[in-house]
Trainee: 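Next up is a structure, given as C-alpha cells.
Order of the sequence lines sets the chain letters (A, B, ...), proteins ahead of strands, with each chain counted from 1.
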Amino acid sequence: MTDPSPAGDLGIGIGWRPELAQLIAADERLFVELIAENVNPRRLPVAVKQLLAQRRPIIPHGIRLSLGGAERPHRSRLDHLAAVAETVHAPFVSEHIAFSRAHGVEAGHVLPVPRTAEALEIISENVAAAQERLPVALALEHVAALVEWPDPEMSETRFISELLARTGALLLLDLSNLYANAHNHGFDPVASLSELPLDRIAYVHVGGGAMINGRYHDTHADPVLPGVLGLVEELYSLTSPSGILLERDANYPRNADTHRDLDAIEAAARSGNRRRGNGAT
Amino acid sequence: MAPRDRERYEAHQAELLDALRNPATPPDGFDATDLAAASDSLIRKRARQVAAGWPALAHALGDDYLRTFEQFARSTPPPALGEGLADGFAFASALPDLEPTDEVRAELLLARAIFKLRRCTATPRRGPYIAIARLRDPNRILVVTRVPTIGRYHAAIRLPGSRS
C-alpha cells in the first residue's frame with residue numbers, strides 16, 4: 001500500500017498542454033486542468049480522451065469569461081464551458097476573478113478588478129449568472145496583478161472572502177498569485193492565508209515565475225521559486241486541500257525539470273502536512 | 001446593479017486597457033511605474049504566444065522581432081479568438097516590408113486556411129478553402145486545403161517536368 005498523497009483526493013496535477021501530453025500520459029498520478037477555450041468538446045485531443053478513459057480527473061479552466069467585467073458572461077461562452085465540463089465528467093470548473101475585455105477590446109489576459117463594493121456587487125451578479133448555466137460547482141481564482149486599482153475599499157483577502165460568501169463559489173487558491181501580489185504590493189502572504197476561507201478550497205495552483213527589476217512576474221514560463229514553495233508548506237500546515245496543480249505555459253523544459261518542480265511541490269506539501277500533524281502551525 | 005453603474009464600471013476598465021497598451025498617460029490614481037511594468041509584461045506574453053505559433057516568422061525577424069512586435073502590439077489589441085496564431089496573422093499582415101522565406105509563406109498560407117483577416121481582426125473560417133503559393137524554389141509550389149470536419153492538409157509539391 002502506498003502512502004496517501006500529501007495533496008488529498010486529487011493529488012498532484014499539471015495544466016494539460018499539447019507540449020506536456022507525453023509527460024502527463026506517462027505519469028498516472030497526475031490530474032489535469034484543461035483550458036476550456038482551447039478545446040472543442042466534440043473533438044477532444046486524442047491524448048485527453050485517453051486520460052478520460054483512464055478516469056484521470058480533468059478540470060475545465062476558463063480564461064475568457066470575464067466574470068469581473070461589466071457585461072454579464074456571454075451565454076455562448078458559458079454553454080461552451082458547460083459542454084466541456086459534461087464531456088470530461090468534471091467535478092467542478094474554474095475561472096478567474098478578473099476582467100478580460102471592455103468596450104469590445106480584448107486584454108489577452110486576466111486583469112485585476114477594483115476592490116470596491118460596486119465591483120463586488122457586479123461580479124457577484126455575474127458569478128450567479130454563470131452558476132445558473134453550469135452543470136457543476138464553480139471555483140474562483142484570484143489573479144496576479146502588477147498594477148493595482150487606486151483607492152481600494154478592502155483588502156484582497158476580504159474581497160475574495162466576501163465574493164465567495166455571497167455566491168457560494170469555491171476557491172481556486174493560486175499561491176504564486178498570492179506570492180506575486182504580496183511581494184509587489186507589500187503585504188504578508190502567510191498572514192493572508194489565514195484570512196481566506198480555506199475550507200472552500202477546490203484545489204490549489206502553483207506556477208513558475210521570475211524576478212524582473214525587483215518585481216515578481218507570474219510567467220508560468222520559469223521554475224517555481226523557493227518563496228512560493230514556502231507558501232505551499234505554510235498552506236498545508238493549516239489545511240489539506242484536495243489537490244495542487246503546476247501551471248506551465250511556455251519555455252517547456254526537459255521532463256526531468258518539470259518533474260523536479262512537481263517533486264518540490266509534493267515535498268513542500270508533505271512537510272506542511274507533518275507540521276499540521278504535529279500541531280505546530 | 002443598474003445599467004448606468006455597469007457602464008461607468010466598464011468605462012474605467014476600458015481606460016485601463018488603453019493605458020496597458022500605451023502607458024505614457026496613466027489614468028488618474030494609477031502608479032505609472034507599475035502600469036509600465038504591467039504593460040511590458042503583457043506585450044512580452046503576447047510576443048511569446050506569437051513566436052510559439054509563428055516560429056519561422058519570429059526567426060526571420062531575428063533580433064528585430066521583439067521591437068517590431070511591440071510596435072504592432074501597442075497599436076493593436078489582441079484578438080478575441082485564436083490567441084498567438086490569430087495575433088501573429090494580424091502581425092505578419094501588418095509588416096509591409098516582409099520578404100517571407102518559404103517557411104514564413106507556409107505559416108501565412110496555413111493561417112489563411114484557418115482565419116479570415118479583416119482590418120487586423122482574424123475570424124475563424126467556416127467553409128472549405130484551397131490556396132496555392134509559389135515558393136522561392138521555382139520548381140515547387142505550396143498547396144493548402146481545408147475541408148470542414150476533416151481538417152487541413154498541406155504539402156509542398158514539385159512541379160511536373162522540373163529539374164530536381
Side-chain angles (χ1 to χ4, degrees), chain A residues 17-19 35 37-38 42-43 63-64 66 68-72 77 98-109 111-114 116-126 144-152 184-185 210 212-221 249-252, chain B residues 1-21 23 26-53 73 76-87 121-122 124 148-151:
Chain A
R17 309 286 183 268
E19 293 85 348
I35 303 292
E37 284 82 354
N38 291 353
R42 291 187 299 277
R43 295 176 67 183
I63 56 173
R64 292 291 178 267
S66 200
E71 293 177 357
R72 288 173 196 277
R77 290 178 182 274
F99 79 101
S100 49
R101 73 187 63 81
H103 286 172
V105 175
E106 295 290 324
H109 196 61
L111 295 175
V113 294
T116 60
E118 180 187 58
L120 200 49
E121 200 172 327
I122 290 173
I123 301 169
S124 298
E125 288 175 2
N126 291 349
L146 283 166
V147 64
E148 284 216 296
W149 286 81
D151 308 320
N184 295 337
H185 304 301
I212 302 172
N213 297 329
R215 285 183 176 80
Y216 178 83
H217 288 246
D218 181 47
T219 61
H220 297 183
D249 296 340
N251 293 344
Y252 295 96
Chain B
M1 183 61 69
R4 193 184 303 163
D5 295 326
R6 280 188 177 252
E7 282 168 21
R8 190 182 59 238
Y9 180 76
E10 184 166 31
H12 289 148
Q13 291 186 332
E15 243 184 346
L16 175 58
L17 274 188
D18 282 348
L20 283 169
R21 280 204 316 282
D28 282 350
F30 281 92
D31 182 286
T33 322
D34 285 352
L35 196 66
S39 172
D40 289 348
S41 169
L42 288 178
I43 285 177
R44 274 200 303 272
K45 179 187 170 193
R46 278 178 71 181
R48 268 203 310 270
Q49 289 173 335
V50 168
T76 314
L81 290 166
E83 294 210 333
L85 210 54
D87 211 4
T121 302
T149 76
I150 294 177

Trainee: Is the side chain of A:Glu118 donor-acceptor paired with the backbone N or O of B:Tyr9 at a distance under 3.5 Å, no angle test?
Mentor: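 Not confirmed, A:Glu118 side chain does not pair with B:Tyr9 backbone.
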Trainee: Using a 4.5 angstrom heavy-atom cutoff, name the option from B:Asp87, B:Leu35, B:Asp18 with the most pairs to chain A.
Mentor: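 When all of B:Asp87, B:Leu35, B:Asp18 are compared, B:Leu35 has the most.
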Trainee: Would a 4.5 Å heavy-atom cut-off, applied to side chains only, mark B:Phe30 and A:Glu148 as touching?
Mentor: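 Contact flag for B:Phe30/A:Glu148 side chains = no.
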Trainee: Taking all non-hydrogen atoms of both residues into account, name the closest pair between B:Ala14 and A:Ala102 and its distance.
Mentor: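 Closest heavy-atom pair between B:Ala14 and A:Ala102: N-CB, 3.6 Å.
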Trainee: Which bit of A:His103 comes within less than 4.5 Å of chain B, counting heavy atoms only: side chain, backbone, both or neither?
Mentor: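 Looking at A:His103, backbone and side chain both touch chain B.
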Trainee: Would you indicate whether the side-chain heavy atoms of B:Asp40 and A:His217 approach each other to under 4.5 Å?
Mentor: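 SC-SC contact between A:His217 and B:Asp40 ruled out.
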Trainee: So, B:Asp34 and A:Arg215, do they make that salt bridge, N to O below 4.0 Å?
Mentor: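 Yes, this pair counts.
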Trainee: Is the shortest heavy-atom distance from the side chain of B:Leu42 to the side chain of A:Leu146 under 4.5 Å?
Mentor: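 B:Leu42 vs A:Leu146: side chains apart.
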Trainee: Tell me, for A:Ala107 versus chain B, whether the close heavy atoms (under 4.5 Å) come from the side chain, the backbone, both or neither.
Mentor: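 Backbone plus side chain of A:Ala107, per the 4.5 Å heavy-atom cut-off to chain B.
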Trainee: Against chain A, label B:Gln49 side chain, backbone, both or neither, depending on which of its atoms sit under 4.5 Å from a heavy atom there.
Mentor: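 Neither part.
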Trainee: Within a strict 4.5 Å, meaning less than it, do heavy atoms of the B:Arg44 and A:Ile212 side chains meet?
Mentor: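 They are in contact (side-chain heavy atoms under 4.5 Å apart), so the answer is yes.
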Trainee: Hey, does B:Leu81 have a side-chain heavy atom less than 4.5 Å from the side chain of A:Glu37?
Mentor: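 The answer is no; the side chains never approach within 4.5 Å.
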Trainee: Where is the tightest heavy-atom contact between B:Gly29 and A:Pro150, given as atom of each residue plus distance?
Mentor: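 Looks like O-CB, 3.4 Å.
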Trainee: Need one label for B:Pro79: side chain, backbone, both or neither, based on atoms under 4.5 Å from any heavy atom in chain A.
Mentor: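 The backbone, not the side chain.
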Trainee: With a 4.5 angstrom heavy-atom cut-off, is it the side chain or the backbone of A:Ala119 that approaches chain B, or both, or neither?
Mentor: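 The answer is both parts of A:Ala119.
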Trainee: Please state whether the side chain, the backbone, both or neither of A:Arg42 comes within less than 4.5 Å of a heavy atom of chain B.
Mentor: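 Neither part; nothing is under 4.5 Å.
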Trainee: So does B:Arg6 pair up with A:Glu121, basic N to acidic O under 4.0 Å?
Mentor: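 No, this pair does not count.
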Trainee: Looking only at atom types and distance, does a side-chain atom of B:Gln13 sit under 3.5 Å from a main-chain N or O of A:Gly68, one as donor and one as acceptor?
Mentor: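 Checking the backbone N and O of A:Gly68 against the side chain of B:Gln13, a donor-acceptor pair under 3.5 Å is found.
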Trainee: Tell me, side chain or backbone of B:Ala37 under 4.5 Å from chain A's heavy atoms, or both, or neither?
Mentor: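 Both parts, backbone and side chain.
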Trainee: Output the option from B:Glu10, B:Arg48, B:Arg8 having the highest count of non-hydrogen pairs under 4.5 Å with chain A.
Mentor: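 Of the options given, most contacts go to B:Glu10.
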Trainee: Okay, side chain of B:Lys45, backbone of A:Thr219: is any donor-acceptor separation there less than 3.5 Å?
Mentor: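 Not a single qualifying donor-acceptor pair exists.
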Trainee: Is it the side chain or the backbone of A:His220 that comes within 4.5 Å of chain B heavy atoms, both, or neither?
Mentor: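 Neither part.
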